[in-house]
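Worksheet: the structure to be examined is printed underneath.
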Amino acid sequence: MPTPGALDRCTCAAPSPTQIPRDLSTLTDREGTVLLLVATGLGNTPIARRLGITERTVKKHITSLLHKLRVTSRLEAALIAHHQHHDLCRAKRPSPTFLPNPAPPI
């Protein structure tokens, strides 16, 4: 049985921080593309391979977009990407689905 007053403190109905719209216009095209790929569950190495950039560059993009979105984790960023997917795609970024997938290193 809940303690008296527990329901008064319940925040279940409050919007989660990831549901609060973020200004995605601050993201560069590359950061937006990286964010879409993070939202699909890809790690840094697969993102780097897909985009033809180094893993270190992916990490820099992720650090930058986390800061711009005012979040502290990839999960929070991915949730924002899911909630605002239409806004991300409307920015006419290259679709991660159609980006070239470079051959694996020899």
Side-chain angles (χ1 to χ4, degrees):
M1 176 165 232
T3 58
L7 295 178
D8 296 332
R9 294 187 305 272
C10 180
T11 59
C12 298
S16 82
T18 59
Q19 291 177 322
I20 298 169
R22 304 300 167 113
D23 182 11
L24 301 177
S25 68
T26 61
L27 300 180
T28 65
D29 285 343
R30 184 62 93 178
E31 290 167 348
T33 301
V34 169
L35 177 57
L36 287 170
L37 291 168
V38 166
T40 66
L42 290 178
N44 292 349
T45 302
I47 292 172
R49 286 187 184 140
R50 167 115 6 131
L51 298 178
I53 59 178
T54 67
E55 189 173 350
R56 183 175 179 181
T57 302
V58 171
K59 289 178 184 179
K60 287 182 181 185
H61 287 311
I62 292 174
T63 298
S64 177
L65 69 89
L66 291 177
H67 176 74
K68 289 177 180 181
L69 295 176
R70 299 181 318 272
V71 296
T72 57
S73 72
R74 293 169 73 104
L75 175 60
E76 288 175 294
L79 289 171
I80 288 169
H82 282 283
H83 286 130
Q84 293 184 250
H85 185 263
H86 182 71
D87 296 331
L88 270 173
C89 291
R90 201 171 355 146
K92 296 186 177 162
R93 293 186 168 84
S95 170
T97 307
F98 300 110
L99 292 173
N101 197 358
I106 299 175

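What's counted below: heavy atoms across the whole structure, side chains too, no hydrogens, waters or symmetry copies.
- Counting all heavy atoms, side chain and backbone alike, L35 lies closest to A78 at CD1-N, 4.4 Å.
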Please table the atom pairs, donor to acceptor, closer than 3.5 Å between any side-chain atom in residues 58-69 and protein atoms at least two apart or in another chain.
| from | atom 1 | to | atom 2 | distance (Å) |
| --- | --- | --- | --- | --- |
| T63 | OG1 | K59 | O | 3.0 |
| S64 | OG | E31 | OE2 | 2.6 |
| K68 | NZ | T26 | O | 2.9 |
| K68 | NZ | E31 | OE1 | 2.8 |
| K68 | NZ | E31 | OE2 | 3.4 |

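- Residues H85 and L36 have side chains in contact (heavy-atom distance under 4.5 Å, counting atoms from C-beta outward).
- The shortest side-chain heavy-atom distance between I80 and R70 does not fall under the 4.5 Å cut-off.
- Interatomic distance, I47 CD1 to T40 OG1, rounded to the nearest 0.5 Å: 6.5 Å.
- Note: E55 CD to T45 OG1 = 3.5 Å, rounded to the nearest 0.5 Å.
- Here T72 pairs with E76 under the side-chain contact (heavy atoms from CB on, under 4.5 Å) rule; sequence neighbours left out.
- Using a 4.5 Å heavy-atom cutoff, the side chains of L51 and L37 are in contact.
- Atoms CZ and CD1, on R30 and I53 in that order, are 5.0 Å from each other to the nearest 0.5 Å.
- Taking CG from L24 and NE2 from H86, the interatomic distance works out to 11.5 Å, rounded to the nearest 0.5 Å.
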